[in-house]
Asks: 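The structure that follows is given in the form of structure tokens.
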Amino acid sequence: MATNTSAAIWLAELSWREVWRVGGAGEGEALAVPADVAVGPDGSVAIADWGLAEVVVVDPAGEWRGAAMTRGEGPGEVRAPAAVTWVDANTLLVLDLGTNRLTLLDLVSRSSSVTAVDPALLMPVVMSGEVGYLSLQPDYTVWVESPGLVEGGWEERSFVRWSPDAAAHDTVARSRVSVPSGVALAAWPRSLLGVGAETWVVSDPDGRYELEVFDRDGTSLVRFCHPGEPLPLSPAERGDELDEELPDAWRSTLGAALAEAGEPRLPPVISRIVVGADGRIWVQRDRPAPGAGNRHGVSGAMHDVFLPSGRFLGSIRLPEDHRLLEARGRRVWTLHIGSLDESSIVALEIEGL
């Protein structure tokens, strides 16, 4: 296995420029709980909003084009849109957890067709009440992090993929997750998954900085290591200074879980993988605080950036209050949560690259 030692372009020395922002302000442009975004061939952005039960489209310049899909169970409607992707410049594919189906929508003709998704694939996610990882590819492949049985403070979790023409669910990675008192702790190593349109990436389950890149068919393209040490445990990860905004009962449960687990021998080096629209691999270094979800990443997190070949390009930290959703070249799209908990989707560019 090759160790990545190529010269780095240290992106952390560069700056960010905001290109456009939607949601959180502007009449008729509100967002509630954006679950997923996808960038089309022309730069248009589709936003699956779980809270509004809508799929919204924004043009490449950030102009609001309105809801392409709205709440309902009829043709071209959704109840709980959780993932979205572009099949081509005029066609969206949307995964709806509320109806267990995929909807293919032609934005020009407004015609649509639906494909049922095996309820057994999504039921563990729905029953758990937490969407840990969910992704969708243009070929109708659905990727899910599926919770499993808990025994002795450990849970067997797996990443599963499914497509309509598959005979069965395909488990692509599995690992044991520390769940003392029923709480999953990010400071303990586990497998991670990142999925792009053409490739997918799996990390080492023991927390080492090893990544393996696969094509759509599951053929291993490259496996590489990268030098890196885990960030030190934060006071919150040690059970001190838990988020005071959490409900008292939840803080008490978290405190008990952290005390029961103790400290891991070696925390994971990375905590999230995003495969951008151009195939580049964005690896989040910062771990989420106990009690915080990680589907959309950590606010203002540091990311290492790699080409699909495994060549290291450099590292860059997002602006505060921004969480990485998608990336292509110099541009990234982030989720921004404002001081009043309002949600915005923001297009940023790396200046000086």
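The shown structure was predicted, so the numbers you read here are calculated from the model rather than taken from an experiment.
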Asks: If you count the non-hydrogen atoms of other residues, nucleotides and ligands that lie under 6.0 Å from CD in Glu320, is the total more than 12?
Replies: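 More than 12 heavy atoms, drawn from other residues, nucleotides or ligands, come within 6.0 Å of this atom.
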Asks: What heavy-atom pair brings His303 and Trp282 nearest, and what distance separates the two atoms?
Replies: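 Heavy atoms only, the tightest pair is CB-CE3, 3.9 Å.
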Asks: Salt-bridged, Asp240 to Arg238, with N to O below 4.0 Å?
Replies: no
Asks: Quick one: closest heavy-atom pair of Ala187 and Leu233, and the distance?
Replies: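 For Ala187 versus Leu233, the nearest heavy atoms are CB-CD2, 3.8 Å.
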Asks: Strictly distance-based, threshold 3.5 Å: is any side-chain N or O of Asp206 a donor or acceptor partner for the main-chain N or O of Arg208?
Replies: no
Asks: What I'd like to find out is whether the side chain of Leu105 reaches to under 4.5 Å of the side chain of Thr91, using heavy atoms alone.
Replies: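 SC-SC contact between Leu105 and Thr91 ruled out.
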Asks: Strictly distance-based, threshold 3.5 Å: is any side-chain N or O of Asp321 a donor or acceptor partner for the main-chain N or O of Ile337?
Replies: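 No; judged by distance alone, with no hydrogens or angles, the pair does not exist.
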Asks: Do the side chain of Arg79 and the main chain of Gly98 share a donor and acceptor less than 3.5 angstrom apart?
Replies: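 Yes, Arg79 side chain to Gly98 backbone: donor-acceptor pair under 3.5 Å.
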Asks: Between Thr253 (side chain only) and Ala249 (backbone N and O only), is there a donor and an acceptor less than 3.5 Å apart?
Replies: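 Side chain of Thr253 to backbone of Ala249, a donor-acceptor pair under 3.5 Å: yes, one is there.
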Asks: Using a 3.5 Å distance criterion without hydrogens, assess whether the side chain of Trp20 forms a donor-acceptor pair with backbone atoms of Pro60.
Replies: yes
Asks: Testing the basics here: between Pro81 and Val94, what is the closest heavy-atom pair and its distance to 0.1 Å?
Replies: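 Closest heavy-atom pair between Pro81 and Val94: CB-CG1, 4.1 Å.
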Asks: Does Glu73 offer a backbone N or O that forms a donor-acceptor pair with the side chain of Glu77 under 3.5 Å?
Replies: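 Such a contact is found between Glu77 side chain and Glu73 backbone.
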Asks: Please report the closest heavy-atom contact between Arg280 and Leu313, naming both atoms and the distance.
Replies: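 Taking every non-hydrogen atom into account, NH1-CD1, 3.6 Å.
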Asks: Hey, mind stepping through Arg176 and Glu155 against salt bridge (Lys or Arg N to Asp or Glu O under 4.0 Å) and telling me if it holds?
Replies: CA-CA 5 Å; Arg176 301 176 75 228; Glu155 179 182 5; over 6 Å; no
Asks: So does Asp278 pair up with Arg328, basic N to acidic O under 4.0 Å?
Replies: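 No.
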Asks: With a 4.0 Å cut-off, would you call Arg71 and Glu54 a salt bridge?
Replies: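 No, Arg71 and Glu54 are not salt-bridged.
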Asks: Keeping to residues at least two apart or across chains, list the ring pair (Phe, Tyr, Trp, His ring centres under 6.0 Å) pairs with something in residues 176-202.
Replies: Trp143-Trp200, Trp154-Trp188, Trp200-Phe214
Asks: Within the 3.5 Å criterion, strictly below it, is a donor on Ser309 or Arg311 matched to an acceptor on the partner's side chain?
Replies: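 Ser309 vs Arg311: no donor-acceptor pair found between side chains.
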Asks: Ring centroids only, cut at 6.0 angstrom: are Phe224 and Phe312 within range, meaning strictly under it?
Replies: no
Asks: Hey, does the side chain of Asp96 reach the backbone of Val78 with a donor-acceptor pair shorter than 3.5 angstrom?
Replies: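 Looks like no, no N/O pair under 3.5 Å.
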Asks: So which atom in Ser203 and which in Ile273 form the shortest heavy-atom distance, rounded to 0.1 Å?
Replies: CB-CD1, 4.0 Å
Asks: If you compare all heavy atoms of Asp217 against all heavy atoms of Arg161, which two are closest, and at what distance to 0.1 Å?
Replies: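 Distance-wise, the nearest heavy atoms are O-NH2, 4.1 Å.
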Asks: Check this for me, if you would: do Asp286 and Arg272 make a salt bridge, where the nitrogen-to-carboxylate-oxygen distance has to be below 4.0 angstrom?
Replies: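 Salt bridge between Asp286 and Arg272, a charged N being under 4.0 Å from a carboxylate O: no.
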Asks: Without swapping roles, check the side chain of Arg330 against the backbone of Ile350 for a donor-acceptor pair under 3.5 Å.
Replies: yes
Asks: Below 4.0 angstrom, N of the basic side chain to O of the carboxylate: do Asp304 and Arg285 qualify?
Replies: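 Yes, charged N to carboxylate O under 4.0 Å.
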Asks: Kindly check if the number of other-residue, nucleotide or ligand heavy atoms within 6.0 Å of CG (Asp248) is above 12?
Replies: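 No - once you tally the heavy atoms of other residues, nucleotides and ligands closer than 6.0 Å, there are 12 at most.
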Asks: Does Arg174 come within less than 4.0 Å of Glu156, counting only side-chain N to carboxylate O?
Replies: no
Asks: Hey, are Glu198 and Arg216 close enough for a salt bridge, meaning a charged N less than 4.0 Å from a carboxylate O?
Replies: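 Judged by the 4.0 Å cut-off on N to carboxylate O distance, Glu198 and Arg216 do form a salt bridge.
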Asks: Within the structure provided, determine whether Val84 and Leu92 are in side-chain contact (heavy-atom separation under 4.5 Å).
Replies: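 In contact.
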Asks: Check the surroundings of atom CZ in Arg110: do more than 12 heavy atoms from other residues, nucleotides or ligands lie under 6.0 Å from it?
Replies: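 It does: Arg110 CZ has more than 12 such atoms within range.
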Asks: For Thr141, is there any backbone N or O sitting under 3.5 Å from a side-chain donor or acceptor partner on Ser163?
Replies: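 No; zero donor-acceptor contacts below 3.5 Å.
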Asks: Could you tell me whether a side-chain N or O of Ser344 sits under 3.5 Å from a main-chain N or O of Gly23, the two making a donor and an acceptor?
Replies: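 Yes, because the side chain of Ser344 sits within donor-acceptor range (under 3.5 Å) of the backbone of Gly23.
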